[in-house]
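Only one structure is covered here, and it is reproduced in the block below.
We count ligands from 1, going down the list as the structure has it; atoms in each ligand are counted the same way. Predicted model, so just to flag it, every value in this text is computed and none were measured.
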Amino acid sequence: MERMHLDAIREEYGRGILRRRDLTEVPGALFVRWLEEAIAAGVAEPTAMVVSTIGERGFPESRVVLLKSFDGEGFVFYTGYRSQKGKALSAEPRAALLFFWPELQRQVRITGVAEKVSREASEAYFRSRPVSSQLGALASEQSAVIPSRAWLENRYRDLERQYAASDIPVPLHWGGFRVLPAEMEFWQGRENRLHDRFRYTRHGLGWKADRLSP
Ligand SMILES: Cc1cc2nc3c(=O)[nH]c(=O)nc-3n(C[C@H](O)[C@H](O)[C@H](O)COP(=O)(O)O)c2cc1C
């Protein structure tokens, strides 16, 4: 394969500024402001975040999931508990989250510890999803090797018939994780690669923020 030439792809950053006086006392409040601004700016998939976990063999493993709630305490997403990430988090709950909102030239990095949300919360969210998504979650043993696409679609159709007239049970192997942040970093792209970065870390009962070199 020929080598790709990517050197000419260069973005200038200058769409925003992050000053110390823009910071909030708790990083969750700044996160909410930035997420609202990403939604208002029409960023595609503004709630999409990369979740990184530590795999069985010690390698970091990353994938995109959707943030489904943030209550100031923690970042909640839903997934298969027996998936690669589900198993990884059950064995080693330390995780990293990453939001990238290119249209705003912003990145938020979060590290923390993940815990399962309550069964009631998982069930309530499951029931709020369209029936097709509920069936999809039931049909998928997430991250398992499967024989074919046809096998998966047949399984979906079988379940569709089975639950045509009754509620779809919330799979026990499916639910939410909440990541409780220990550290949060906000990055705003600036001109000449002199970007603004502020990292919040826990300080007593509150938080402190330090400016980092870009
Ligand atoms: C935009 C986008 C949103 C996604 N949202 C979710 C999600 O909310 N939950 C989920 O389990 N997987 C989601 N996925 C799929 C995951 O990236 C991943 O393929 C899947 O969860 C299996 O990951 P694992 O084998 O590492 O556990 C999403 C993928 C993309 C690209």
F75/F31 aromatic ring centres below 6.0 Å: yes

Sub-4.5 Å side-chain heavy-atom contact between E12 and R10: no

Residues E123, R119: salt bridge by 4.0 Å N-O rule: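 Salt bridge: yes.
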
Pair R19 + D22, salt bridge at N-O below 4.0 Å: yes

Any donor-acceptor N/O pair, D71 side chain to E73 backbone, under 3.5 Å: yes

Backbone of V131 reached by a side-chain donor or acceptor of Y163 within 3.5 Å: no

Every residue of the protein that comes under 4.0 Å of ligand 1, judged on heavy atoms: E45, R63, V64, V65, L66, Y78, T79, S83, Q84, K85, Q142, S143

